[in-house]
Each structure stands twice: as structure tokens, then as C-alpha cells.
Amino acid sequence: MASSAAFLALSVLVALHLCCCHGQTDAAGSSSDVTAIYSLGDSITDTGNLIKEAPPGMFETIKHLPYGVTFGYPTGRCSDGLLMIDFLAQDLGLPFLNPYLGKNKSFDHGVNFAVAGATAMDPADQFNGRFFMPFSSNSLKVQLRWFKDFMKSSFNTDEDIRKRLQSSLVLIGEIGGNDYNYALFGKTNVTEVEKLIPGVVQTIVDAAKEVLEMGASRVIIPGNFPIGCMPTYLTSKGSSQPSDYDSMGCLKELNLFAAKHNTRLQRAIADDLRPSYPSASIAYADYFNSFLAILNTADSLGFDESSTKKACCGAGGEYNYDWRRMCGAKGTAACAEPEKYVSWDGIHMTQAAYRAMSRLVYHGRYLQPQILNLGELS
Ligand SMILES: *[C@@H]1O[C@H](CO)[C@@H](O)[C@H](O)[C@H]1NC(C)=O
Ligand SMILES: *[C@@H]1O[C@H](CO)[C@@H](O)[C@H](O)[C@H]1NC(C)=O
């Protein structure tokens, strides 16, 4: 199985190469002149930074199978295979984005600065010692500094950087989800955690302004997922009150919380970012409603309808999730058909779900406005 998966991965790479040559001649619309992607974010987009940086013994599970099982081998992605950013790169006719911390890689078509576990706010600014903070200091501020250092060392002048960014796409997020996760896992109630929203949103907006100031012409800023539908929260914040759940079986309070973050972020994009940079295309990626659309049409998308809120890889409980035995730990196993599951490990999604998301967002109506014009996929 491993070797057939490896063969598949190879085929994907070969297909990608072909795709790349096509892209340059055939692609229509404004996306055809995207020659590079620069990405800041967390585990939703990390293609291998955390595993380069994690101290020995930490985050061991993502360095090993079953992480990467669909791809053929572990890549540092928090999934069984590819992420949304990979499908995006592929659809733009570009190679997969290399992680910034991966030494000796090509950065000709962009860089991925996203690090799993990263927060939007600096730990020092946000947590004030009040919340448990796991390892990770690669906040958005740190990633932004990497981005600037990289651009300065790669191009001679600010004008050259500007020129490069004119033909690039910059992705800022998803980020901020971990700011809330750490607080919520630390048993802080939702009312308290809501107080973090203004600071988190402002941090994201400030980062976008710096990138726009450098000359970025296309920026995508995703919002948060409906976290009340995730196995980790359904397990840790489960309730005996049926009224705490919506018609899809998700926790209402947590989805409402994520929606509040998203509303504030969208308002800041509309009222602050776009008026300040009228010549740039700035889009909000609606991960919240595209995810709900997947849950609502799971069957027709090829997912097992009865397993949309169960982790494919894990152990125990109604949602196949137990934080003491997470995917990759002793006593856990991956499901036989990850492509039938939405959730990979209770926190992150499967390749199949990320593919479905990327179609809805990058090819559909959940990128607002649709600045890529990649066309609908059947
Ligand atoms: C990096 O790549 C260069 C050129 O491809 C090669 O000569 C060098 O040995 C590589 N270094 C490492 C550490 O792999
Ligand atoms: C949330 O926590 C704060 C601080 O501990 C407390 O004052 C407040 O009453 C709590 N709210 C709810 C709804 O439990």
C-alpha cells in the first residue's frame, strides 16, 4: 500500500509538472499572472516548517505515518495528504510551496512561512501568563519578519520587491484559531475568550497592511472554521443538553463564537483594509460557510455522512477523539478510507476535505470577492 501510495504521489507530481506548463499558456483571467504565493498561517497551511523546528521529542506524531499516508510518506503537513494551499498552488499552475525553514529548497514560486501551532498575537501580548501556552513562538509577527527578511535578501530594492509582489498572491491565514484554541483548551469560558477577538483581528489586519504597504496586489484573508463541529471540541465541550447542539450536531456556542471573529474580520477588511488600499484585490475566504456546506452535502461529495464529525485517525469516544491518545499515539489507528472522512485527526481535515474546501473557496463563491477567477470545477 505504501508503495502504491508513493507511486500515486509521483503521478501527482508528474501531473503537476504538466499542469504547470499548461497553466502558463492556457490559463485565463487574472490568476494567470500569479507567479508566486507567499503564505503566513498555522497548521492549516504548514507544509513542513514545524517539523524542522520542533525540539526533539515534541510533535513526533506528525513526523510519522499515518500522517501523510495518502501522500505516501509524512511531509510535515497535519493531514493524511495535501492541504488547501497545495491545491491552490496546483490550480494556479505552480509547484507546491516549500516551507521557509526547509533548507536548500526552491523559493522561485513563493514561500510558505506558516507554522503549525502558531498564534496571531505574540504570546507575550496575548496570554499575560493567564493561559497555558504550548511550544510555539512563531506568531504572525515572527512570520512577517521572516517574510520581510526573505524579500530583502532576495531582491535588491523595495521597487523590485514591489514588482515581485504585483505578480504574487499573499495568503494571511487562517491564523488566530490557535489564540482561541489555547484559551478554550485552558478551560477559559467562551465569554472570556471573546475578549481576545478585537486584538486577534487587529493583529491580522495590521499584518495585511504591512504586506500591502510592501506592494502586495492580491491578498486573501481566511476566517475561522465552525469549531463547534470539530471532534476535539465536540469531545471536550460536549453537553448533556440537546439544545446546545444545532441541527448538524455542532456546538452552537462555539460556532457563534467563531462567527463573531469572522464578522469582525470581514468588517475590518471592508471598512479599513480596502479603503486604505483601493488598488489592491483583498478577499475574505469564508472557511466557516464552506465547511458547513461540506457537512450539508457530505454524501454527494463522497464522504460518509455518518462520520463527518468523527476523526479518521484517533481512538475512543463518540467522535473517535481523545486528547490523551491523539492520532499517531500508541493505541490509535487511521481509518481504512480517509477519503470518506472530513476530519483527519479531530483537529485538522483530511486531504479529501481540503480538496473539497479548495474547490468551494478558490473556484467558488466562498472567496469574497472571487479574485482568482480559476473557474468552477466539475
Ligand atoms: C544545497 O544545494 C546545493 C546546490 O544544489 C548543493 O551543492 C549543496 O550541497 C546543498 N546543501 C545541502 C546542505 O544540502
Ligand atoms: C466566565 O468566567 C468569568 C471569569 O472567571 C466569570 O466572571 C463569568 O461569570 C463566566 N461566565 C460564564 C457564562 O460562565
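Distance alone, capped at 3.5 Å, is enough to place a donor-acceptor pair between the Asp46 side chain and the Ala116 backbone. In this structure, the side chain of Asp345 does not engage the main chain of Cys313 through any donor-acceptor pair within 3.5 Å. In this structure, Lys63 contributes its side chain and Gly76 its backbone to no donor-acceptor pair below 3.5 Å. Checking side-chain atoms of Ser343 against main-chain N and O of Gly346 turns up a donor-acceptor pair under 3.5 Å. Within the 3.5 Å criterion, the main-chain N or O of Gly328 finds a donor-acceptor partner in the side chain of Thr332. Between the side chain of Lys52 and the backbone N or O of Lys103 there is no donor-acceptor pair closer than 3.5 Å. Judged purely by atom type and a 3.5 angstrom limit, Gln90 has no side-chain atom pairing as donor or acceptor with the backbone of Pro95. In this structure, the side chain of Asn224 does not engage the main chain of Asn262 through any donor-acceptor pair within 3.5 Å. With hydrogens and angles ignored, the 3.5 Å screen pairs a side-chain donor or acceptor of Gln370 with a backbone N or O of Val361. Of the possible polar contacts, none joining the Gln266 side chain to the Ile269 backbone as a donor-acceptor pair under 3.5 Å is found.
Remark: Lys209 NZ is packed, more than 12 non-hydrogen atoms of other residues, nucleotides or ligands lying under 6.0 Å away. Taking a 6.0 Å sphere around NZ of Lys252, one finds it holds more than 12 heavy atoms contributed by other residues, nucleotides or ligands. Residue Arg274 qualifies as enclosed at atom CZ: its count of foreign heavy atoms under 6.0 Å is above 12. More than 12 heavy atoms of other residues, nucleotides or ligands lie within 6.0 Å of CD in Glu60, so this atom counts as buried by the packing criterion.
Linking Ile, Leu, Val, Met, Phe, Trp and Tyr whenever their side-chain heavy atoms come within less than 4.5 Å leaves Ile227 and Ile347 in two separate clusters. Both Leu144 and Ile175 are members of a single hydrophobic cluster when ILVMFWY side chains are connected at heavy-atom separations under 4.5 Å. Met121 and Phe147 fall within the same hydrophobic cluster, defined by Ile, Leu, Val, Met, Phe, Trp and Tyr side-chain heavy atoms under 4.5 Å apart, directly or through other members. Transitive grouping of hydrophobic side chains (ILVMFWY, heavy atoms separated by less than 4.5 Å) brings Leu292 and Tyr362 into a common cluster. Note on Tyr73 and Leu82: same hydrophobic cluster, where clusters join Ile, Leu, Val, Met, Phe, Trp and Tyr whose side-chain heavy atoms are under 4.5 Å apart, directly or indirectly.
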Could you go step by step and tell me if Asp322 and Met326 meet the side chain to side chain contact (heavy atoms under 4.5 Å, CB included) rule? CA-CA 6 Å; Asp322 178 348; Met326 299 210 336; over 6 Å; no

Between Leu367 and Ile220, is a side chain to side chain contact (heavy atoms under 4.5 Å, CB included) present by the stated rule, with each step listed? CA-CA 8 Å; Leu367 187 62; Ile220 295 178; 3.8 Å; yes

Tyr277 vs Glu213, side chain to side chain contact (heavy atoms under 4.5 Å, CB included): CA-CA, chis, key distance, verdict: CA-CA 9 Å; Tyr277 299 91; Glu213 204 55 47; 2.5 Å; yes

Would you please test Leu165 and Ile161 for side chain to side chain contact (heavy atoms under 4.5 Å, CB included) and show each step? CA-CA 6 Å; Leu165 289 176; Ile161 293 175; 3.9 Å; yes

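In this structure, the side chains of Tyr67 and Cys327 come closer than 4.5 Å at one or more pairs of heavy atoms. Side-chain contact between Tyr245 and Ser239: present, with at least one pair of heavy atoms (C-beta onward) separated by less than 4.5 Å. When side chains are defined from C-beta on, Ile44 does not count as touching Leu83, because their heavy atoms never get closer than 4.5 Å. Met214 is listed as a side-chain neighbour of Met151, based on a closest heavy-atom distance under 4.5 Å. At least one side-chain heavy atom of Asn255 sits under 4.5 Å from a side-chain heavy atom of Asp246. At a threshold of 4.5 Å between non-hydrogen side-chain atoms, the residues Leu169 and Leu372 count as touching. Using a 4.5 Å cut-off on side-chain heavy atoms (C-beta onward), Ser281 and Ser217 make no contact. Counting heavy atoms from C-beta outward, Met357 and Phe87 have side chains that stay 4.5 Å or more apart.
Of the inter-residue distances, the one linking Phe59 atom CZ with His64 atom NE2 reads 13.5 Å to the nearest 0.5 angstrom. The CG atom of Leu50 sits 4.5 Å away from the CD1 atom of Ile62 when rounded to the nearest 0.5 Å. Summarising the geometry, atom OG1 belonging to Thr47 is positioned 6.0 Å from atom CG belonging to Leu97; distances are rounded to the nearest 0.5 Å. A distance of 12.5 Å separates CZ of Arg267 from CG of Asp272, quoted to the nearest 0.5 Å. Separating the CD1 atom in Ile197 from the CZ atom in Phe257 is a distance of 4.5 Å, to the nearest 0.5 Å. Separation of atoms CG (Leu234) and NZ (Lys310) is listed at 12.0 Å; rounding is to 0.5 Å.
In terms of heavy atoms, Asn49 sits closest to Gly102 at OD1-N, 4.4 Å. Summarising the geometry of Asn320 relative to Cys312, their closest heavy-atom pair is ND2-O, 3.7 Å, with the distance given to 0.1 Å. When every heavy atom of Tyr287 is checked against every heavy atom of Pro226, the shortest pair comes out as O-CD, 4.1 Å. Residues Ala118 and Asp42 approach most closely at O-CB, 3.7 Å, considering heavy atoms. The two atoms that bring Lys237 and Thr188 nearest to each other are NZ-O, 4.4 Å, heavy atoms only. Residue Pro275 comes nearest to Pro278 through the heavy atom pair O-CD, 3.5 Å, listed as atom of the first residue, atom of the second, then distance.
Of the listed residues (Ile294, Leu295, Thr308), just one forms a side-chain contact (heavy atoms from CB on, under 4.5 Å) with Leu301, and that residue is Ile294. Met349 pairs with exactly one of Trp344, Tyr341, Phe225 by the side-chain contact (heavy atoms from CB on, under 4.5 Å) rule, that one being Phe225.
Side-chain contact annotation: Asp86 with Gln351, donor-acceptor N/O pair under 3.5 Å absent. Residues His109 and Thr35 have side chains that never bring a donor and an acceptor to within less than 3.5 angstrom of each other. No side-chain donor from either of Asp33 and Ser167 sits under 3.5 Å from a side-chain acceptor of the other. Between Thr75 and Arg77, the side chains place a donor N or O and an acceptor N or O closer than 3.5 Å (distance only, hydrogens not considered). Defined by atom type and a distance below 3.5 Å, a donor-acceptor pair is present between the side-chain atoms of Ser139 and Asp122. Residues Tyr321 and Thr232 have side chains that bring a donor and an acceptor to within less than 3.5 angstrom of each other. Between the side chains of Asp80 and Thr350, no donor-acceptor pair of N or O atoms lies under 3.5 Å.
Qualifying side-chain hydrogen bond (donor to acceptor under 3.5 Å, both in side chains) partners for Ser290, counting only residues two or more places apart in sequence or in other chains: none.
Taking the ring centroids of Phe185 and Tyr233, they lie under the 6.0 Å cut-off. For an aromatic pair to be called close, the ring centres must be under 6.0 Å apart, and Tyr182 with Tyr180 fails this.
Classification of the Tyr38-Phe150 ring pair by plane angle, with boundaries at 30° and 60°, yields tilted.
SG atoms of Cys250 and Cys229 are separated by less than 2.5 angstrom, consistent with a disulfide link.
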